Amino acid sequence: MNDRTTEARSSKARTTEARTVKARTTTAPPELTVRDVTVRFAGLTALDGVSFTVAPGSVHALIGPNGAGKSTCFNVLSGLCRPASGTVTLGGTELTRLAPHRIAALGMARTFQNIVTTQGTVADNLMLGRHALTRAGFTASALRLPGARREQREHLARAREIAELTGLGAHFDSPVGLLSYGDRKRVELARALCLEPRVLLLDEPVAGMNAAERARTAEVVAELRAELGLSVVLVEHDMGLVMRLADEVTVLDFGRTIAHGTPDEVRRDPEVLRAYLGTDATGEDAA
Amino acid sequence: MSDRIRALLTRRRATLLTVAVLLCLPPFYLDAFWLRIGLFSMAAAIGAIGLALLSGTAGQLSLGHAFFLAVGAYGYTWLAGDPGPGLPTALAVPLAVLMAGLAGGLFSPVAGRVKGIYLGIATLALVFLGHHVLLTAESVTGGFNGRSVPPLSLGGFTFDTGDELTVLGVPFGAEERLWFLGLALFALTWFTARGLLRSRPGRALAALRDSETAAAVMGVDVARHRSAAFVVSSMYAGLAGVLLALAFRRVVPDYFGLVLSVDYLAMIVIGGLGSVAGATAGAVFVTALPLLMTRYADQLPLVAAPGSAEGAVGPTEAARYLYGAAIVLVLLYAPDGLHGLARRARDRLRRRRTPTTTQDTVLPSPPPPAAAARPKEHTP
């Protein structure tokens with residue numbers, strides 16, 4: 001029953017979306033290209049010449065055993081980590097020299113493997129996601145100038161829509177600290193969406209969720225991609241989810257790309273089976 | 001029509017109006033001693049709100065708050081006085097605040113890069129530097145003996161005891177007049193600080209405190225916001241400094257020492273980090289307590305009168321012990337400070353009251369016009 005009401009709410013949100021969504025998502029997202037990226041941490045090579053390309057509007061999964069370098073790769077993409085060599089370009093813009101907030105302003109949003117939310121309500125967190133899209137500065141906010149207040153009102157309305165889209169509508173004004181694990185994970189997703197991203201980086205979006213929550217999140221990701229046409233880069237251990245959502249899969253092991261292709265190709269790749277699923281495993285596990 | 005009136009007189013507005021009216025009453029009833037406590041509390045509250053923005057919201061420790069108070073206080077005195085440019089005092093106030101902001105901005109290469117407790121250590125240098133300059137730059141600061149502060153004059157109205165002024169039968173001296181100035185400045189601080197906290201910059205600062213990484217990937221320019229928080233906080237400190245200078249009527253270097261910075265930290269910790277109301281409550285507590293204890297020292301057990309035999313605990317020391325104890329108690333039992341305590345009490349009250357609440361709020365009848373011509377009792 002609860003699911004159905006959320007469903008109804010989100011479909012309502014979708015009909016009103018056309019009016020308020022900012023223009024950014026209407027154009028096709030730019031291509032994200034990672035070329036020969038190498039990252040070293042004091043002797044450990046976390047990424048070793050990794051290359052892949054995320055086609056506009058596709059879902060690209062990065063998989064690999066623990067310590068394969070998936071999260072490091074995300075840190076490079078979002079500017080938190082500078083590679084020793086290699087380039088990352090988003091539609092012609094070189095990202096490796098940019099500060100994280102500049103990359104965010106280009107429309108790259110991410111979630112974290114371990115939840116990183118701030119204190120305050122869900123609304124506060126989502127409005128943080130609107131930071132790059134809003135302008136109100138210290139003076140305008142301190143004096144509560146009409147422009148700043150209007151901006152806040154409009155963006156709050158959009159944040160509410162996104163909350164409903166991700167099934168957080170009922171918790172919009174609740175403190176994040178009081179939410180369940182799955183909901184907090186969704187707050188991160190919603191916050192990333194509040195950036196109106198063109199490329200969305202999801203670091204284990206369903207880790208630790210139960211089956212129903214997983215299904216719901218998978219649905220949201222599929223919806224997003226269909227409706228907003230954004231590119232998604234996904235790191236996930238849940239093979240079922242990866243196989244269902246991904247258009248392309250890149251497999252990392254010890255910082256190297258060991259396989260690349262469609263989910264079906266990757267599933268049959270002997271190298272992947274050996275590295276990822278163990279030597280004796282068969283492809284059936286992956287399904 | 002009645003709908004409109006009801007919309008105007010929402011519960012919030014009614015509360016606000018009541019508080020405003022109540023805050024305007026003391027000059028008509030209380031003598032200069034109490035008004036001075038109120039003035040110092042208001043000045044402290046302005047400074048504490050500034051520090052709460054920096055330390056409570058942005059998570060940046062600052063021990064240099066006294067320095068920026070000094071910049072405000074001395075800035076005003078110098079700008080409006082002689083030696084100095086001798087500007088109109090009404091112009092000197094905003095300029096002194098800007099000067100404090102500028103001083104904060106000059107420190108921003110440090111404030112933008114250094115975080116948390118490390119900034120605390122870095123700002124420590126400011127206090128010592130400031131104190132040294134205040135003592136040595138005699139032509140500007142008056143050296144060890146300080147300078148007397150020119151009274152503020154706004155469009156012909158001067159905030160001092162000069163010309164006779166009687167309002168509703170109460171003679172209005174410097175304290176009575178400054179009280180209203182303090183109220184206005186405090187209201188401005190409250191309004192702007194709340195506006196900041198509840199909007200885009202406030203959320204960005206809170207995000208910096210909770211997770212720098214999350215803030216950065218959400219598009220917050222970390223260094224810029226850190227320095228901006230520092231500048232804003234110094235401007236509030238500057239404003240507090242101006243008000244303090246006006247209330248003291250004399251600025252001396254020794255007041256603006258490290259102890260003052262620590263006092264301000266105590267205020268925001270006791271009040272509850274990161275809340276405007278909490279910082280205000282903490283400021284009143286820390287400011288009023290020593291003054292009250294000095295005043296009533298003879299009636300308190302175990303506290304000696306000021307200047308009595310050695311070894312006895314004087315009122316100032318007793319007040320320090322007391323708020324030292326208050327800090328420990330707050331940290332142990334109410335880590336979210338007076339503000340958190342108040343919020344929990346209110347929640348409990350609300351829960352108990354819910355079944356019978358009525359939404360109608362009645363505007364409290366305006367208080368009787370300050371009991372005509374009631375002479376006040378004056379304490380020396």
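Protein chains get the first letters and strands the later ones, always in sequence-line order, with residue 1 at the start of each. These numbers were taken from a predicted model, which means no experiment stands behind them.
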Colleague: Here's a test for you: under side-chain contact (heavy atoms from CB on, under 4.5 Å), which of A/R135, A/Q152, A/H155 qualifies with B/R200?
Modeller: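 So, applying the side-chain contact (heavy atoms from CB on, under 4.5 Å) to B/R200 and each of A/R135, A/Q152, A/H155, only A/R135 qualifies.
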
Colleague: May I ask you to check whether over 12 heavy atoms, not counting those of B/R194, lie within 6.0 Å of atom CZ?
Modeller: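 Enclosed: over 12 neighbouring heavy atoms sit under 6.0 Å from CZ of B/R194.
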
Colleague: Against chain B, work out which of A/S141, A/A109, A/A148 has the most heavy-atom pairs shorter than 4.5 Å and name it.
Modeller: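 Highest number of heavy-atom pairs under 4.5 Å: A/S141.
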
Colleague: Around B/F191, counting heavy atoms of other residues, nucleotides and ligands shown, do more than 12 lie under 6.0 Å from its CZ?
Modeller: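 More than 12 heavy atoms, drawn from other residues, nucleotides or ligands, come within 6.0 Å of this atom.
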
Colleague: Work out which heavy atom in A/A132 is nearest to a heavy atom in B/G219; give both atom names and the distance.
Modeller: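 The answer is CB-CA, 4.4 Å.
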
Colleague: Could you go through A/H131 and B/H225, starting from their C-alpha distance and side-chain angles, then the distance that decides it, and tell me whether this counts as ring pair (Phe, Tyr, Trp, His ring centres under 6.0 Å)?
Modeller: CA-CA 12 Å; A/H131 186 90; B/H225 276 79; 5.2 Å; yes

Colleague: Under 4.5 Å heavy-atom distance to chain A, tell me which part of B/V217 shows up: side chain, backbone, both or neither.
Modeller: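 Its backbone and side chain both get close to chain A.
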
Colleague: Is it the side chain or the backbone of B/R198 that comes within 4.5 Å of chain A heavy atoms, both, or neither?
Modeller: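 Interface part for B/R198: backbone (N, CA, C, O).
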
Colleague: Looking only at heavy atoms, which two atoms of A/A104 and B/M218 are closest? And how far apart?
Modeller: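 Between these two residues, the closest heavy atoms are CB-C, 4.0 Å.
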
Colleague: Does CZ belonging to A/R144 count more than 12 external heavy atoms closer than 6.0 Å?
Modeller: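 Atom CZ in A/R144 is crowded, with more than 12 foreign heavy atoms closer than 6.0 Å.
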
Colleague: Return yes when atom CZ of B/R344 has more than 12 non-hydrogen atoms of other residues, nucleotides or ligands closer than 6.0 Å, and no otherwise.
Modeller: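 Yes, CZ of B/R344 has more than 12 neighbouring heavy atoms, counting only those of other groups under 6.0 Å.
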
Colleague: Select, from B/L196, B/L197, B/L188, B/V232, the one with the greatest count of heavy-atom pairs under 4.5 Å involving chain A.
Modeller: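 Heavy-atom pair counts peak at B/L196.
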
Colleague: Using a 4.5 angstrom heavy-atom cutoff, name the option from A/T117, A/L143, A/T134, A/T139 with the most pairs to chain B.
Modeller: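 Max contact count across the listed options: A/T134.
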
Colleague: Given a strict heavy-atom distance threshold of 4.5 Å, which part of B/L208 is in contact with chain A: side chain, backbone, both, or neither?
Modeller: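 Interface part for B/L208: neither.
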
Colleague: Can you tell me how far CD of A/Q119 sits from CZ of B/R203, rounded to the nearest 0.5 angstrom?
Modeller: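 That separation rounds to 15.0 Å.
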
Colleague: Can you confirm whether B/V231 sits close enough to A/F138 that some side-chain heavy atom of one is under 4.5 Å from a side-chain heavy atom of the other?
Modeller: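 Not in contact.
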
